[in-house]
Amino acid sequence: GQAIARRIVPFKSEIAWWGLRDKPGVAWPRYDDLLGLARWCDVLVVAVRAHDDTRGLITREVLDAVGADGVLINVSRGFVVDEDALIAALKEGRLGQAGLDVFEPEPTSAARWQGVPNVLLQPHVAGATTDSMQRIVRHSIAQLRSFLAE
């Protein structure tokens, strides 16, 4: 979350956060509860750890608090968001937009999202850096050479 906030700073946006535990020394104000943050924000970025405590954290109530002009971005885990509630909120116009790169279950079915407006679906590529992709290519070539040499 802090890494995301640092990337937002140059855009001069207001930044606030909420988490299950306080983090002393964080530069941005912390809301007392998730609903308060959801009511306040224009864009709610979900970046929480994968744990039973975060399962279903983003409920219909949270989505409604973000509102018809708001955006939900989930880069955490699919099970953190109630996807049925998210799909309904988008279809009914109670949530403005959503961007997801994680789903419950993964891979998600294209049919599940058919006809859902204002949603951007992206494969989860958090580890896809230039360096990591070059290592993957080198490893793949080495594996292929090894296989062909047999």
Contact check, side chains of Thr130 and Gln134, non-hydrogen atoms, under 4.5 Å: yes
ILVMFWY cluster, Val81 and Trp113 together (side-chain gap under 4.5 Å): yes
Gly70 backbone acceptor or donor facing Asp42 side chain under 3.5 Å: no
Arg94 side-chain N/O to Gly67 backbone N/O, donor-acceptor pair under 3.5 Å: no
Side-chain donor or acceptor of Glu106 paired with backbone N/O of Phe103 under 3.5 Å: yes
Leu57 with Leu100, same ILVMFWY side-chain cluster at under 4.5 Å: yes
Heavy atoms of other groups near Asp32 CG, more than 12 under 6.0 Å: no
Val26 with Leu37, same ILVMFWY side-chain cluster at under 4.5 Å: no
Closest heavy-atom pair and its distance - Leu35, Ala65: CD2-CB, 4.0 Å
Atom NZ of Lys12 with >12 non-hydrogen neighbours under 6.0 angstrom: no
CD1 on Ile141 to CG on Leu144, rounded to 0.5 Å: 8.0 Å
Val43 vs Val45 side-chain heavy atoms within contact, under 4.5 Å: yes
Minimum heavy-atom distance Ser13-Ile8, with the two atoms named: CB-CG2, 3.8 Å
Cluster link Trp18 to Ile73, ILVMFWY, side chain under 4.5 Å: no
Cluster link Trp28 to Ile4, ILVMFWY, side chain under 4.5 Å: yes
Identified side-chain contact (heavy atoms from CB on, under 4.5 Å) partner of Leu44 from the options Val62, Leu63, Val71, Asn74: Val62
Main-chain N/O of Thr108 paired with Arg112 side-chain donor or acceptor, under 3.5 Å: no
Ser140 vs Gln143, side-chain contact (heavy atoms from CB on, under 4.5 Å): CA-CA, chis, key distance, verdict: CA-CA 5 Å; Ser140 298; Gln143 290 296 94; 5.7 Å; no
Within 6.0 Å of CG in Asp69, more than 12 heavy atoms from elsewhere: no
Polar side-chain atom of Thr54 near backbone of Arg49 as donor-acceptor pair, under 3.5 Å: yes
Nearest non-hydrogen partners of Gly93 and Ala68, listed with the distance: O-CB, 3.2 Å
Interatomic distance, Glu83 atom CD to Leu90 atom CG [nearest 0.5 angstrom]: 11.0 Å
Chi angles and distances behind the side-chain contact (heavy atoms from CB on, under 4.5 Å) call for Arg55, Val80: CA-CA 5 Å; Arg55 184 173 299 280; Val80 173; over 6 Å; no
N-O pairing of Asp64 and Arg39 below 4.0 Å: no
Residue Glu92 excluded, over 12 heavy atoms near CD under 6.0 Å: yes
Closest contact, heavy atoms only, Leu72 versus Leu86: CD2-CD1, 4.0 Å
Candidate pair Met133 and Val137, rule side-chain contact (heavy atoms from CB on, under 4.5 Å), full reasoning: CA-CA 6 Å; Met133 295 309 293; Val137 168; 5.6 Å; no
Sidechain-backbone polar pair: Ser76 side chain, Val48 backbone, donor-acceptor under 3.5 Å: yes
Exercise: identify the closest heavy-atom pair between Ala5 and Ile15: O-CD1, 3.5 Å
Residue pair Trp17 / Gln2, side-chain heavy-atom distance below 4.5 Å: no
Charged N-O contact under 4.0 Å between Glu104 and Arg77: no
Evaluation steps, ring-ring contact (aromatic ring centres under 6.0 Å, His included), between Tyr31 and Trp40: CA-CA 9 Å; Tyr31 267 74; Trp40 170 81; 5.7 Å; yes
